[in-house]
2 protein chains.
Amino acid sequence: MTLYKHFHTKEGLILEVLKKSQQDFQNWLDNKLSSNSKAPADKIKQLFDFIEEWITSPSFLGMGFIKASAEFPNEENPIHQLSSKQSREFRQYIGKLAGEANIKDADGLALQLSLLFEGAVQAEQMKRGSGAIKYAKKAAKLLIDGAINKQVLTTDF
Amino acid sequence: MTLYKHFHTKEGLILEVLKKSQQDFQNWLDNKLSSNSKAPADKIKQLFDFIEEWITSPSFLGMGFIKASAEFPNEENPIHQLSSKQSREFRQYIGKLAGEANIKDADGLALQLSLLFEGAVQAEQMKRGSGAIKYAKKAAKLLIDGAINKQVLTTDF
DNA sequence: TATATGGTATACAGACTTGTCAATTATTGT
DNA sequence: ACAATAATTGACAAGTCTGTATACCATATA
């Protein structure tokens, strides 16, 4: 009854839980990134270190918007739409970091990194302690270095 | 009644559907790879071309084991366990291709490619026509080339 | 202390899920 | 054509899910 008083419907409750947990994650990550490093180019390189910390933490229970979009696969569903929006916003957040690091195809790199991220979360949801994030991190470093080199080359000549 | 006669329980039905669709996918992919190319090093490079063809096909409805593992998150659940096994087997399939292509850390590359793959499928399930697979493909090529160069360097000197 | 506000507990309603049972109807092999 | 086997249908049962209604209890404020 108390739940229904506050959220009215189950869908409303789920939407609020999704919003809250995404805010918490974003705030946590943003805090880590802004307090621990200085140069924009360092931030994007540190991104997967913090993601690893988050995924391997014992309290990790998966990514809200990934679980929700799987449980509500219909694209018309409000929960699915919020999940999709959160996924897009997180990708844009990475894109902003890449842009500040002066990477040429910032959005392209952001999409690739988000694929690694979502893949690693998926792997971890499928098997706790999979270690997939370690390899996602290596791949991310390679992709980031590739994108940075491209940026350096095209601006130097 | 006919369904219950054949599969006894809903869980049994789901397990059979998962097995069948995975077999179909593996057979389709294996056929593509064995008929269209020759050298092992070419096969692994072609992998994401075929995956793109599969994901962008109008009949694509998502990846069974990804959806199932999300819907049955408990690791004790037989459906979850089958999903996990299928994910692992597909990764090993990629690893076999990488091994035949004489890539040094074949399993590591396979894991990275499977992260890109699962991330792209996830993205496509979240938003049909997302185009994520195009960027996954680019990232895959970069990772594969990186792994091949490493193999070349370490065997040449 | 009285009153209002919000939390808790129990019962219930209607729809849906996962099957089961039994009667009827199709299909197949001989 | 006949018998066996399999598929279809509709009724039902037990349990779950989502939500409502109501009565009761705790807390805060005047």
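Labels below follow one simple rule: chain letters A, B, ... track the order of the sequence lines, proteins then strands, and each chain is numbered from 1.
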(request) Locate the shortest heavy-atom distance separating B/A70 from A/A70; write the atom from each residue and the value. (result) CB-CB, 3.5 Å
(message) Can you measure A/L13 atom CG to D/dC17 atom C1' for me and round it to whole angstrom units?
(response) 14 Å
(message) Would you say B/S69 and A/Q125 are linked by a side-chain donor-acceptor pair, where the criterion is simply a distance under 3.5 Å?
(response) no
(request) Note the angle between the end axes of the helix from C/dT1-D/dA30 to C/dT30-D/dA1, five pairs defining each, rounded to 10 degrees. (result) 20°
(request) Check the distance between C/dT10's C1' and A/Y4's OH and give it to me in whole angstrom. (result) 15 Å
(message) Using side chain to side chain contact (heavy atoms under 4.5 Å, CB included), reason through A/F60 and A/R128 one step at a time and then give a plain yes or no.
(response) CA-CA 10 Å; A/F60 173 76; A/R128 231 26 260 274; 3.7 Å; yes
(message) Nearest whole Å is fine: how far is C/dT17 C1' from B/F7 CZ?
(response) 19 Å
(message) How many whole angstroms separate atom CD of B/E11 from atom P of C/dT17?
(response) 18 Å
(request) Applying side chain to side chain contact (heavy atoms under 4.5 Å, CB included), run through B/R88 and A/M126 and close with a yes or a no. (result) CA-CA 10 Å; B/R88 187 174 62 253; A/M126 207 177 280; over 6 Å; no
(request) Please say which of B/K138, B/K141, B/K43 ends up in a salt bridge (Lys or Arg N to Asp or Glu O under 4.0 Å) with B/D49. (result) B/K141
(request) From the options B/I94, B/I103, B/L97, B/I148, select the one residue that forms a side-chain contact (heavy atoms from CB on, under 4.5 Å) with B/L109. (result) B/I103
(message) Rounded to whole Å, please give me the gap between NZ in A/K10 and P in D/dT20.
(response) 15 Å
(request) With sequence neighbours excluded, tell me which residues meet side-chain hydrogen bond (donor to acceptor under 3.5 Å, both in side chains) with B/S130. (result) B/E124
(message) Angle between ring planes, A/F117 versus A/W54, binned at 30° and 60°: parallel, tilted or perpendicular?
(response) parallel
(request) Let me have a per-nucleotide readout for nucleotides 5-12 of chain D, 5' to 3', with B, S or -, counting only protein heavy atoms under 4.0 Å. (result) --SBBB--
(request) Using atom CD of A/E71 as one end and atom C1' of D/dC17 as the other, report the distance to the nearest whole Å. (result) 13 Å
